[in-house]
2 protein chains.
Amino acid sequence: MIDKLEFLLALAREKHFGRAAEACGVTQPTLSAGVKHLEEQMGVLLVKRGSRFQGFTPEGERVLEWARRIVGDSRAMREDISALRHGLSGRLRIAAIPTALAMVAAITTPYRDRHPNVQFTVYSRTSLEILDLLENLEIDAGITYIGNEPIGRVSIVPLYQEHYRLVTSADAPLGDRDSVTWAEVSQVPLCLLTPDMQNRRIINRLLKSAGGESRPTLESDSMILLFSHVRTGRWASVMPEKIAQTLGLSEPIRAIPILQPDAVQTIGLVVPQREPMTPTTAALVAEARRIAPSL
Amino acid sequence: MIDKLEFLLALAREKHFGRAAEACGVTQPTLSAGVKHLEEQMGVLLVKRGSRFQGFTPEGERVLEWARRIVGDSRAMREDISALRHGLSGRLRIAAIPTALAMVAAITTPYRDRHPNVQFTVYSRTSLEILDLLENLEIDAGITYIGNEPIGRVSIVPLYQEHYRLVTSADAPLGDRDSVTWAEVSQVPLCLLTPDMQNRRIINRLLKSAGGESRPTLESDSMILLFSHVRTGRWASVMPEKIAQTLGLSEPIRAIPILQPDAVQTIGLVVPQREPMTPTTAALVAEARRIAPSL
DNA sequence: TTCTTTGATAGACAAAGACTATTAATTCTA
DNA sequence: TAGAATTAATAGTCTTTGTCTATCAAAGAA
């Protein structure tokens, strides 16, 4: 029963019988049979069938919601019992927005000291992808913007405020200032994240409301790439204060506060709303609460 | 998997492999094998084994909690989907404390008008039994005292306040009064519920704090029995106002308010805390909210 | 049209689940 | 304390379910 619900979840993820089957480690006919069996049990078609996958029926969507919960709980149960016996262990899958990646170590480090047998997998994803992965039980926790775009069935722990800095060489335009305005920043060619990233959209908005445009000379979905360009001293970027601090800037690179307005975004930990949480997730939330004040 | 969790729930209820198996509609070896299989999956003993059932291990208790949730959700899913197709149908299992039995009709009647395909089973149980049945998924809703003894994972809808009346014949002692005190009531021989009922414990407490004792000449666990005695005019009882009203008293029987204090107990609907609820339960909660003001 | 993609179907085989019968270990009872 | 009764585990058999490979049919794409 639960296996079949997992089939359905995989199908929702992959939107393709063959790939969903592969993801579940079974063959395509097996997955087809599983879904069909579910449909018989429920007495309704769950999947819109043409000669290819065409999405779910309304009933299918509903079953999917239940499946997420039931499958999630059954995994949580296993982890819970395993934790009772061996202490916390297993793998914690986290996804973070690129601008928050640098501070993930601030959580994982004290976590590992407390629970050395837990392994981590950390993905760099956009804020929308993170919510999707959470929804589909593909990650255990996300680190993303909170309080902006509406968020579904998740619990939230605020971590820190993102303040923006113009990161540039001291001898570049504006490089000698103690603070700059968004209007001024809009005149400088920048390295920025790609527009599918919420950070970029936020910066675009700030630049625009200051009467400017974003004129990126270089876009990337990788903060490392942006950062390495900035370190040459020949490129400028707008980055959150935290990441600039964490990665460490040396002369002649400066991180100059951008005021008017001192725009603020809150970054937080989001985990599936489940009571009780899995033990590893609960420990992550505890750790987040613990370190949040120091960030 | 879910079937095996159901085995475990049955075992928790029956505390006996044979009876649990019977309750599940399988033979005892099948249930034993199922439990064993669960234990292998989890890698821990769940049941304390002697030559007979000796309760659960700590891990077993934990699995049991998860099992209640997972099994409950999987049933809710089926009902949910069935309701999508055929409208509300199925059976709603309710348990109520005896003193609330008379007002159950105030909910079931409008409920049936709205959802004619839902069938009811109503049990008369003590308040403690009701919580136990709810916990074990044996009923869908309870009607009981709220805000007294602590209640577990349930949602609550307050229904009405229980005020007490001395029910007695006009020519019996105190029968001519407009109101009486608990101290006075404690002097009269009464028909009361048995002491395992919370209503009786409440009345005992009230009598005691008025300096009296409860001196029941007749005890029963059946309100009908108490009521039929009172109707003869030769017996007196202490009953909630509501039940006296609902069942209808005729001359010369009177229901006299008991003051000092005008003790109040709140009665409410309790349902398992599950989001979303099963459709039939959600409808019951809606109905309860609707009628509560008129009670 | 012809080829490719995608999901359903058929048939064989293995695994899991369930039943009956029996056994082993306690506990009760006479 | 011996014998009976109770309770759960085990053995052996059979049925059901699940999974695989191979193949087919339908619908797009070239």
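Note on naming: letters A, B, ... go to the chains in the order of the sequence lines (proteins, then strands), and numbering restarts at 1 for each one. Since we're looking at a predicted model, the values are computed, not measured. Basis for what follows: all heavy atoms, side chains included, without hydrogens, waters or symmetry-related copies.
- Heavy-atom contacts from other residues, nucleotides or ligands closer than 6.0 Å to CZ of B/R112 number 12 or fewer.
- Under 4.0 angstrom from either OP1 or OP2 of C/dT9 there lies at least one side-chain N or O belonging to A/K36.
- Dashed line: the shortest gap from a side-chain N or O of B/S32 to OP1 or OP2 of D/dA8 is not under 4.0 Å.
- Note: CD (A/E22) to P (D/dC20) measures 12 Å, nearest angstrom.
- Nucleotide C/dA8 holds its C1' atom 20 Å from the NZ atom of A/K48, rounded to whole Å.
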*Begin from the C-alpha positions of B/T278 and B/R75 and carry the test side-chain hydrogen bond (donor to acceptor under 3.5 Å, both in side chains) through to its verdict.*
CA-CA 8 Å; B/T278 68; B/R75 290 188 194 164; over 6 Å; no
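- If you check D/dA9, D/dT7, C/dG17 against the side chain of B/Q28, the one that comes closest is D/dA9.
- In this structure, the nucleotide among D/dT7, C/dT20, D/dA22 sitting nearest to the side chain of A/P29 is D/dA22.
- At whole-Å resolution of the value, CE in A/M1 and P in D/dT16 are 21 Å apart.
- Taking atom CZ of residue B/F7 and atom C1' of nucleotide D/dA8, one finds them 15 Å apart after rounding to whole Å.
- Note that the CD atom of A/Q198 and the CG atom of A/L193 stand 11.5 Å from one another [nearest 0.5 Å].
- Looking at which nucleotide of DNA chain D each of B/A33 and B/R19 is closest to, the 5′-most match is held by B/R19.
- Atom CD in B/Q54 sits about 19 Å away from atom P in D/dT6, given to the nearest Å.
- Rounded to an integer number of Å, the gap from A/Q41 CD to D/dT17 C1' is 12 Å.
- Heavy-atom nearest nucleotides on DNA chain D were determined for A/D3 and for B/R52, and the one closer to the 5' end corresponds to B/R52.
- Closest to the A/F17 side chain, of the nucleotides C/dG7, D/dA8, D/dC20, is C/dG7.
- With A/E39 as reference, A/R49 is the one residue of A/K4, A/R49, A/K48 to meet the salt bridge (Lys or Arg N to Asp or Glu O under 4.0 Å) rule.
- For the OP1/OP2 pair of D/dG18 and a distance below 4.0 Å, the side-chain nitrogens and oxygens of A/K4 include at least one atom meeting the criterion.
- Taking only side-chain atoms of B/T27, from C-beta outward, the nucleotide of C/dT6, C/dC19, D/dT21 with the closest atom is C/dC19.
- The side chain of A/H16 approaches C/dG7 more closely than any other nucleotide in the set C/dC19, D/dA8, C/dG7.
- The separation between B/R49 atom CZ and C/dT27 atom C1' is 19 Å, rounded to whole Å.
- If you measure from atom CD of A/E14 to atom P of C/dG7, you get 12 Å, rounded to the nearest angstrom.
- Taken to the nearest 0.5 Å, the OG1 atom of A/T280 stands 9.5 Å off from the NE2 atom of A/H115.
- In the set C/dA18, D/dA8, D/dC20, the nucleotide with an atom closest to the side chain of B/F53 is D/dA8.
- In terms of phosphate contacts, A/T30 brings a side-chain nitrogen or oxygen within less than 4.0 Å of OP1 or OP2 of D/dC20.
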